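To start, the structure itself, in structure tokens.
None of these values were measured; they are calculated from a predicted model.
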Amino acid sequence: MLLSPQQLNDRLGSAGVLVVDVGDRSRYQKTHIPGAVQLDYEVLVKREPPAMGLAPEPDCLARDLAAVGISDDIEVVAYDSDGCGKASRLAWSLDWLGHPRHFILDGGLQGWLESDLPVGREPTQPKPAYLDGQVRAPHCLVDSEWVLQRLNDPEVVLLDCRTREEYTGEQSLAERGGHIPGAVHLDWADLKDPEAAPALRSEAELRAMLAERGVTAEQDIVVYCQSHHRSSLMYVVLRTLGFAGVRAYAGSWSEWGNNPDLPVAVTE
């Protein structure tokens with residue numbers, strides 16, 4: 001699910017390839033990858049405060065994606081300029097809908113610019129398409145009840161992608177601080193190469209980080225953060241590394257941490 005800047009450059013202009021800029025429209029209007037269409041990140045999330053990252057209704061999501069030219073017949077390459085979380089949320093959404101072929105650009109717009117590749121200045125007019133609103137991969141999304149019922153299941157690992165301070169409860173962005181009981185921690189920022197962020201670390205480094213936390217390919221892996229923005233990148237990384245049983249808890253901590261009926265763990 002990852003392409004390097006050069007791999008994307010080799011695809012530019014090819015029939016059947018759609019490059020999608022996910023994020024700020026004003027920045028897109030100044031600089032973007034040639035031929036890219038712009039997609040507002042807000043269409044990828046449903047906000048029901050306090051839960052701020054829920055999945056939209058599938059038919060609404062499909063309609064908004066089709067409006068920028070996404071269909072099952074098109075190869076989608078997503079990118080952003082915000083650390084790759086927004087592009088990854090699009091990739092996860094397409095996985096959930098069962099779209100057959102999609103990628104994110106490793107390093108996002110920053111990596112593209114640092115590779116001294118061409119840029120566009122004029123917005124690209126989307127060509128609307130048709131995308132079925134049926135969810136063909138429902139296993140990609142879980143809710144709080146699914147998680148609650150499996151807190152003590154050794155075949156399920158919860159992977160918290162927030163900062164260490166959020167995980168321990170030292171910093172709280174909800175009514176309660178802490179983490180889901182039993183969750184292991186891997187900050188999404190640590191996935192990125194410290195010398196070339198937001199590009200990712202090497203495959204060997206990523207696998208070692210996951211192994212250190214006991215995350216194995218035999219488990220069901222549930223990723224979460226505050227609103228399934230940061231954890232979307234973790235989802236893409238795991239899928240790219242060949243982990244098959246990857247799921248997202250889209251409600252994440254904005255839902256769990258604000259529900260007094262759900263258990264919370266803190267780290268001393």
Give me the atom names and distance for the closest heavy-atom approach of [X] to [Y].
{"X": "Tyr224", "Y": "Ile180", "answer": "OH-N, 3.1 Å"}
{"X": "Val223", "Y": "His228", "answer": "CG2-CE1, 4.3 Å"}
{"X": "Leu141", "Y": "Ala250", "answer": "CD1-CB, 3.6 Å"}
{"X": "Leu241", "Y": "Arg207", "answer": "O-NH2, 2.7 Å"}
{"X": "Val266", "Y": "Gly177", "answer": "CG1-O, 3.7 Å"}
{"X": "Cys84", "Y": "Gly108", "answer": "SG-N, 3.7 Å"}

State yes or no: do [X] and [Y] share one hydrophobic cluster built from I, L, V, M, F, W and Y residues joined by side-chain heavy-atom distances below 4.5 Å, directly or via other members?
{"X": "Leu54", "Y": "Val142", "answer": "no"}
{"X": "Val68", "Y": "Trp92", "answer": "yes"}
{"X": "Leu18", "Y": "Leu3", "answer": "no"}
{"X": "Val236", "Y": "Val22", "answer": "yes"}

For side-chain contact (heavy atoms from CB on, under 4.5 Å), just list the numbers for Leu158 and Arg150, CA-CA rounded to whole Å, side-chain angles, deciding distance to a tenth of an Å, and then say yes or no. CA-CA 10 Å; Leu158 302 172; Arg150 291 165 176 81; over 6 Å; no

Do [X] side-chain atoms and [Y] backbone N/O form a donor-acceptor pair below 3.5 Å?
{"X": "Asp59", "Y": "Gly133", "answer": "no"}
{"X": "His99", "Y": "Ser93", "answer": "no"}
{"X": "Asp160", "Y": "His185", "answer": "no"}
{"X": "Arg25", "Y": "Asp40", "answer": "no"}
{"X": "Tyr235", "Y": "Ala91", "answer": "no"}
{"X": "Trp256", "Y": "Pro263", "answer": "yes"}
{"X": "Arg27", "Y": "His32", "answer": "no"}
{"X": "Ser71", "Y": "Ala129", "answer": "no"}
{"X": "Asp193", "Y": "Ala197", "answer": "no"}
{"X": "Arg121", "Y": "Lys30", "answer": "yes"}

Pairwise side-chain contact, [X] with [Y], heavy-atom cut-off 4.5 Å (strictly under):
{"X": "Leu8", "Y": "Phe103", "result": "no"}
{"X": "Leu210", "Y": "Leu238", "result": "yes"}
{"X": "Ser231", "Y": "Trp188", "result": "no"}
{"X": "Val19", "Y": "Leu105", "result": "no"}
{"X": "Ser252", "Y": "Gln226", "result": "no"}
{"X": "Val45", "Y": "Ser227", "result": "no"}
{"X": "Leu117", "Y": "Gln6", "result": "yes"}
{"X": "Leu2", "Y": "Ile104", "result": "yes"}

Take Leu206 and Leu191 through the side-chain contact (heavy atoms from CB on, under 4.5 Å) test and state the conclusion after the steps. CA-CA 7 Å; Leu206 294 170; Leu191 300 173; 3.8 Å; yes

Going through the checks in order, is the side-chain contact (heavy atoms from CB on, under 4.5 Å) test met by Thr31 and Leu113? CA-CA 10 Å; Thr31 304; Leu113 296 175; 4.2 Å; yes

Applying side chain to side chain donor-acceptor pair (under 3.5 Å) between Glu166 and each of Gln171, Arg230, His179, report the one that passes.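 Result: among Gln171, Arg230, His179, Arg230 is the only option passing the side chain to side chain donor-acceptor pair (under 3.5 Å) with Glu166.
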
Side chains of Glu218 and Thr216: donor-acceptor distance under 3.5 Å anywhere?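 Glu218 vs Thr216: donor-acceptor pair found between side chains.
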
Derivation of the side-chain contact (heavy atoms from CB on, under 4.5 Å) call for Arg162 and Leu173: CA-CA 11 Å; Arg162 300 174 298 158; Leu173 300 178; over 6 Å; no

Salt-bridge contact Arg89-Asp82 (side-chain N to carboxylate O under 4.0 Å):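 Answer for the salt bridge query: no.
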
Check each of Val76, Ile70, Val20 against Leu65 using the side-chain contact (heavy atoms from CB on, under 4.5 Å) test, and report the only one that passes.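 Option passing the side-chain contact (heavy atoms from CB on, under 4.5 Å) with Leu65: Ile70.
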
With rounding to the nearest 0.5 Å, note down the distance linking CG in Asp95 to NE2 in His139.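 Rounded to the nearest 0.5 Å, the CG-NE2 separation comes to 7.5 Å.
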
